[in-house]
Amino acid sequence: DAGVIQSPRHEVTEMGQEVTLRCKPISGHDYLFWYRQTMMRGLELLIYFNNNVPIDDSGMPEDRFSAKMPNASFSTLKIQPSEPRDSAVYFCASSFGTPNTEAFFGQGTRLTVV
Amino acid sequence: QKEVEQNSGPLSVPEGAIASLNCTYSDRGSQSFFWYRQYSGKSPELIMSIYSNGDKEDGRFTAQLNKASQYVSLLIRDSQPSDSATYLCAVGRGYQKVTFGTGTKLQVIP
């Protein structure tokens with residue numbers, strides 16, 4: 001398996017624009033997680049899905065953020081409108097069985113909002 | 001109080017020495033404990049998981065768990081420059097999400 005695949009790897013956008021981050025989890029994994037990492041706050045869980053259903057979105061910072069998982073092999077994280085404080089590295093991860101087993105991370109998307 | 005606490009470091013150790021990384025957690029019901037390694041500019045990767053009190057060894061790595069004192073540690077024997085990275089402690093409980101600490105940066109000096 002190629003592992004968790006995220007795209008794009010880097011994204012630079014202007015404030016106010018819509019940003020869409022994409023993730024393909026490992027085949028067979030039933031949990032998918034979206035994390036955000038910054039120097040100040042470390043690794044924060046934004047939302048996670050089980051079998052394509054959002055389970056906990058309490059980490060989503062505000063209504064500008066939304067996430068979907070239309071099928072078992074694809075998820076998106078959308079920010080609309082984007083703001084400079086959204087600049088961070090966004091990781092997608094997947095796991096199998098429970099939300100607290102070993103998680104496999106994608107390579108991340110480095111988002112810069114100018 | 002943070003749910004998972006780690007000293008941010010940097011922790012500097014000479015090559016060949018033992019590096020000791022510590023993590024404390026607040027939820028006494030926590031059941032699963034993980035150590036992830038993250039190289040600069042890369043994604044976290046799991047290096048150890050531990051679920052029971054005591055020690056778990058894997059090569060040069062030993063994870064130690066003490067649930068009564070609510071701490072988990074990672075020992076790296078014979079530290080190598082390639083071990084220089086940030087080490088993230090993560091704690092989970094039942095079917096709840098895992099919580100990560102902010103990480104300890106380790107520098108192994110040749």
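In the text below, chain A, chain B and the rest are named by the order of the sequence lines, each starting its count at 1.
Residue A:D63 qualifies as open at atom CG: its count of foreign heavy atoms under 6.0 Å is 12 or below.
Only the side chain of A:L45 comes within less than 4.5 Å of a heavy atom in chain B; its backbone stays farther off. Residue A:E44 does not touch chain B at all, counting heavy-atom pairs closer than 4.5 Å. Contact annotation for A:A103: both backbone and side-chain heavy atoms come within less than 4.5 Å of a heavy atom of chain B. Heavy atoms of A:F91 lying under 4.5 Å from chain B belong exclusively to its side chain. The part of B:Q38 that comes within reach of chain A is its side chain, from C-beta onward, which places non-hydrogen atoms under 4.5 angstrom from that chain.
A side-chain contact (heavy atoms from CB on, under 4.5 Å) with B:W35 holds for exactly one of B:I50, B:L88, B:I76, B:V72; it is B:V72.
Residues of residues 16-23 of chain A never come closer than 4.5 Å to chain B when only heavy atoms are counted.
A:S75 is listed as a side-chain neighbour of A:W34, based on a closest heavy-atom distance under 4.5 Å. No side-chain heavy atom of B:F33 sits less than 4.5 Å from a side-chain heavy atom of B:K56.
When each of A:F33, A:Y31, A:F104, A:Y35 is checked for heavy-atom pairs under 4.5 Å with chain B, A:Y35 comes out on top. When B:S8, B:G92, B:P44, B:S32 are compared by the number of non-hydrogen pairs under 4.5 Å with chain A, B:P44 comes out ahead.
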Enumerate, atom names and distances included, each donor-acceptor pair closer than 3.5 Å involving a side-chain atom of residues 101-110 of chain B, sequence neighbours excluded.
{"from": "B:T104", "atom 1": "OG1", "to": "B:N7", "atom 2": "O", "distance (Å)": "2.4"}
{"from": "B:Q107", "atom 1": "OE1", "to": "B:S12", "atom 2": "OG", "distance (Å)": "3.3"}

Can you give each donor-acceptor pair under 3.5 Å made by side-chain atoms of residues 2-15 of chain A, sequence neighbours left out, with the distance rounded to 0.1 Å?
{"from": "A:Q6", "atom 1": "OE1", "to": "A:C92", "atom 2": "N", "distance (Å)": "2.9"}
{"from": "A:Q6", "atom 1": "OE1", "to": "A:G108", "atom 2": "N", "distance (Å)": "3.0"}
{"from": "A:Q6", "atom 1": "NE2", "to": "A:Y90", "atom 2": "O", "distance (Å)": "3.0"}

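Sorted by first and then second residue, the side-chain hydrogen bond (donor to acceptor under 3.5 Å, both in side chains) pairs with a member in residues 45-58 of chain A read A:D56-A:S58, A:D56-B:K97, A:S58-B:K97; sequence neighbours excluded.
Salt bridge present: B:R93 and B:D27 bring a charged side-chain N and a carboxylate O closer than 4.0 Å.
In this pair, B:Y36 and B:F100 present their aromatic rings tilted. The plane angle is within the 30 to 60° band.
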